[in-house]
K.L.:
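Sending over a structure as structure tokens; questions will come in a sec.
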Amino acid sequence: MGFSEEMVVKVVQENGEGNTDSILETLLTYSALETTASVQQNPDSGNCSSDYEGSLLNDFSDFDSFSESEEIMSPSSEEGRKLLHLTKMGYSEAEASVVMERCGLCYLIHFCNIFLLMVGRMSKFHLDSIKDPRLFNCCIENGPDSTIEELTDFICAAQIAKAADALFPLEDKKPFSNGSSHKKRRNWGYDLLLRKKKLKLEKRFDEDDDAVHLPNPMIGFGVPNEPDQITNRVLPEAALGPPYFYYENVALAPKGVWTTISRFLYDVEPEFVDSKFFCAAARKRGYVHNLPIDNRFPLLPFPPRTIHEAFPLTRKWWPSWDTRTKLNCLQTCIASARLTDKIRKALEDSDGEPPLGIQKFVLEQCRKWNLVWVGRNKVAPLEPDEVEMLLGFPRNHTRGGGISRTDRYKSLGNSFQIDTVAYHFSVLKDKFPGGINLLSLFSGIGGAEVALHQLGIPLKNVVAVEIAELNRNILRSWWEQTNQRGTLTDIQDVQELNGDRLEQLIKNFGGFDLVVGGSPCNNLTGSNRYHRDGLEGKDSALFFDFCRILDLVKCIMNGTKSMII
DNA sequence: TAAAAGATGATACAAGAC
DNA sequence: GTCTTGTATCATCTTTTA
């Protein structure tokens with residue numbers, strides 16, 4: 001079923017460039033005929049047209065183990081062997097583990113069987129497609145109910161789009177609202193250059209596992225009032241909107257995590273930014289997005305940039321030997337009273353300036369727990385109100401309504417830094433003067449919504465997905481208090497967002513303009529001493545749901561949902 | 001029973017010494 | 001180049017308290 005370039009050109013000439021439905025039908029017909037002829041010529045091999053035979057043998061030379069389907073089907077096969085099969089199919093070990101853990105063995109066997117059946121029918125192009133994360137997501141989305149036809153349709157669609165990409169220039173691309181039929185399929189395409197780049201990248205990663213380097217200083221494509229601004233970049237074609245998307249997570253993740261995140265999000269280069277360039281506290285985060293990066297502007301007035309500006313009363317008690325001007329990352333837990341008491345006693349024991357040993361101990365604890373000076377020899381953790389302010393949220397945003405102090409710290413510690421995110425979102429203000437339709441995944445206490453609101457971008461329709469009821473209540477409360485004119489739909493679980501639900505929402509709203517999400521970092525952050533398991537961790541694996549949902553939104557908005565659902 | 005408090009390192013990176 | 005040192009990190013689990 002592979003489409004050679006000659007075949008595509010011939011079919012386009014026969015049907016005309018504008019008649020894509022006819023092109024698709026003819027291509028499928030020709031392809032089916034060619035496959036039939038090929039199988040008849042060589043029924044044992046099962047491979048398709050002779051054009052690809054040589055390369056196919058080479059391409060599949062690594063897949064010898066797949067020749068014995070019974071072995072994979074056998075209930076006695078070990079999980080490790082399945083893992084090996086998946087890794088040979090082009091997935092990283094982590095990704096394969098996620099499939100096995102999340103989808104179960106029946107999915108895995110189903111997945112492998114699909115692959116086996118397709119190997120006999122696929123062209124070289126198909127091999128590329130089956131390694132694509134979208135097929136991975138398609139299998140997860142459809143699960144055991146998916147059929148060979150559905151999956152081959154998926155790949156055929158990708159193939160058609162690829163052919164269309166070669167024929168229709170990029171500049172023809174128009175926004176979703178007025179896209180023509182041939183443009184609707186454009187987002188399925190992944191051009192050859194991109195694929196080559198990807199392979200090159202993967203090869204480089206093999207040589208150097210630490211391929212994604214964190215910039216120093218951590219300013220991403222630029223921050224306000226700093227030199228070295230980057231104002232343009234070339235996005236991979238598959239990453240282009242609509243919709244715009246914006247993904248966030250901790251920058252200091254285990255090795256290889258950002259490589260995987262980038263690969264699953266269309267090979268878009270992550271932008272690593274430390275929020276210390278926007279406020280008085282550090283927050284090192286990675287952002288993968290397809291937003292424009294020119295003509296960004298910050299929220300005004302600027303928030304306080306130093307500890308003393310943020311907390312002027314601490315200046316009186318701040319010792320000269322504590323040289324901090326910025327706080328470290330605001331976490332979900334605070335220091336104990338026992339620790340601050342220990343520090344007070346250690347300082348009171350020394351007459352005048354404490355000895356270097358005491359200074360070192362106190363400074364270490366102050367840095368670790370973000371303690372500030374509130375009296376003579378007295379340090380204290382930040383109050384929830386103060387954390388709210390540093391993160392750019394309205395005062396009392398998380399206060400009241402049944403939430404405990406502990407939970408306020410937790411919710412705030414897991415949220416965006418508003419000024420940082422708003423700086424990135426600012427490019428949308430001119431593009432959506434009439435308001436924006438937002439799909440907010442893992443919305444938490446509404447960092448994305450607050451950032452857009454503070455930029456003056458009207459919120460037309462917001463679908464917020466958040467597992468914690470407390471956080472949903474906070475967002476709902478903010479929504480009502482700020483007299484939003486749009487609609488807020490809250491959903492508890494990302495698993496509820498399947499193709500049908502998304503199709504309905506998109507039908508109601510006319511599509512999403514922006515998909516935002518910061519999936520759980522629990523298994524990525526260095527603060528986690530127990531389960532820092534990477535992207536296959538119980539919570540952080542929800543990243544793949546972000547990818548799944550984003551892919552579905554793109555597919556539905558481009559009118560091709562029926563090809564994978 | 002819920003909230004608060006207390007105890008619990010590993011990992012990764014940068015910078016400097018050699 | 002290698003080694004050491006210093007530093008930062010959207011947390012989890014158990015116990016105590018109200």
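These numbers were taken from a predicted model, which means no experiment stands behind them. Labels below follow one simple rule: chain letters A, B, ... track the order of the sequence lines, proteins then strands, and each chain is numbered from 1.
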K.L.:
For C:dT9, take OP1 and OP2 only and decide whether either is under 4.0 Å from a side-chain N or O of A:S527.
P.N.:
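No, A:S527 has no side-chain N/O under 4.0 Å of OP1/OP2 on C:dT9.
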K.L.:
Do nucleotides 12-18 of chain C as a string where each nucleotide becomes B, S or -: B if the base has a protein heavy atom under 4.0 Å, S if just the sugar-phosphate does, - if no protein is that close.
P.N.:
BS-----
K.L.:
Classify the nucleic acid contact of A:S275 as base, sugar-phosphate or nothing, counting any heavy atom under 4.0 Å across all strands shown.
P.N.:
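Result for A:S275 = nothing.
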K.L.:
Holding to salt bridge (Lys or Arg N to Asp or Glu O under 4.0 Å), I want the full list of residues that pass it with A:D539, two or more places apart in sequence or in another chain.
P.N.:
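Partners of A:D539 under the salt bridge (Lys or Arg N to Asp or Glu O under 4.0 Å) test: none.
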K.L.:
Does a side-chain N or O of A:R285 approach OP1 or OP2 of C:dC10 to a distance below 4.0 Å, or not?
P.N.:
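For A:R285, the contact criterion (side-chain N or O under 4.0 Å from OP1 or OP2 of C:dC10) is met.
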K.L.:
Could you list the residues that satisfy salt bridge (Lys or Arg N to Asp or Glu O under 4.0 Å) with A:R399, not counting sequence neighbours?
P.N.:
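Salt bridge (Lys or Arg N to Asp or Glu O under 4.0 Å) list for A:R399, sorted by chain: empty.
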K.L.:
In chain order, what residues pass the side chain to side chain donor-acceptor pair (under 3.5 Å) check against A:S411, with sequence neighbours excluded?
P.N.:
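Side chain to side chain donor-acceptor pair (under 3.5 Å) check on A:S411 returns A:N471.
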K.L.:
In residues 412-420 of chain A, what residues come within less than 4.0 Å of DNA chain C, judged by heavy atoms?
P.N.:
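Residues of residues 412-420 of chain A that come under 4.0 Å of DNA chain C are, in numerical order, A:G413, A:N414.
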K.L.:
Are any of A:Q331's side-chain N or O atoms less than 4.0 Å away from OP1 or OP2 of C:dC10?
P.N.:
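Answer no for this pair, as no side-chain N or O of A:Q331 is under 4.0 Å from OP1 or OP2.
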K.L.:
For A:S336 and B:dG6, is the shortest distance between a side-chain N/O and OP1 or OP2 below 4.0 Å?
P.N.:
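So the side chain of A:S336 is within the cut-off, an N or O lying under 4.0 Å from OP1 or OP2 of B:dG6.
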K.L.:
Between A:I334 (CD1) and B:dA3 (P), how many Å, whole number?
P.N.:
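The answer, rounded to whole Å, is 15 Å.
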K.L.:
Charged N to carboxylate O below 4.0 Å: is that the case for A:D551 and A:K554?
P.N.:
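A salt bridge is absent here (no side-chain N lies under 4.0 Å from a carboxylate O).
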K.L.:
Can you list every pair that meets ring pair (Phe, Tyr, Trp, His ring centres under 6.0 Å) and has a residue in residues 321-340 of chain A, with sequence neighbours left out?
P.N.:
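Of all non-adjacent pairs touching residues 321-340 of chain A, those that pass ring pair (Phe, Tyr, Trp, His ring centres under 6.0 Å) are A:W321-A:W373.
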K.L.:
What residues, two or more places apart in sequence or in another chain, satisfy salt bridge (Lys or Arg N to Asp or Glu O under 4.0 Å) together with A:R233?
P.N.:
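Listed in chain order: nothing, the list is empty.
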K.L.:
Can you sort out the partners of A:Q331 under side chain to side chain donor-acceptor pair (under 3.5 Å), two or more places apart, ordered by chain and number?
P.N.:
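A:Q331: side chain to side chain donor-acceptor pair (under 3.5 Å) contacts with A:S527.
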K.L.:
With sequence neighbours left out, write down each residue that passes salt bridge (Lys or Arg N to Asp or Glu O under 4.0 Å) with A:E271, or none if nothing qualifies.
P.N.:
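Listed in chain order: A:R296.
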K.L.:
Kindly write out the residues that satisfy side chain to side chain donor-acceptor pair (under 3.5 Å) with A:R305, not counting sequence neighbours, or none if the list is empty.
P.N.:
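In terms of side chain to side chain donor-acceptor pair (under 3.5 Å), with neighbours along the sequence ignored, A:R305 is linked to no residue.
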K.L.:
Provide the distance between the two C1' atoms, one in C:dT9 and one in B:dG9, to the nearest whole Å.
P.N.:
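It comes out at 12 Å once rounded to the nearest Å.
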K.L.:
Anything below 3.5 Å on both distances counts as a pair; with that, list the stems of at least three consecutive Watson-Crick or G-U pairs involving DNA chain C.
P.N.:
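Stem segments, range with range: B:1-8 with C:11-18, B:10-18 with C:1-9.
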K.L.:
Using 30° and 60° as the class boundaries, would you call the ring planes of A:F264 and A:F543 parallel, tilted or perpendicular?
P.N.:
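Rings of A:F264 and A:F543: perpendicular, as their planes differ by over 60°.
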K.L.:
Using atom C1' in both nucleotides, what's the gap between B:dA14 and C:dC10 to the nearest angstrom?
P.N.:
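B:dA14 and C:dC10 have their C1' atoms separated by 22 Å.
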K.L.:
NZ of A:K368 versus C1' of B:dT11: gap in Å, rounded?
P.N.:
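Distance, rounded to whole Å: 14 Å.
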K.L.:
Checking A:R405 now: which residues fulfil side chain to side chain donor-acceptor pair (under 3.5 Å) with it, not counting sequence neighbours?
P.N.:
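Here the qualifying residues are A:E383, A:Y409.
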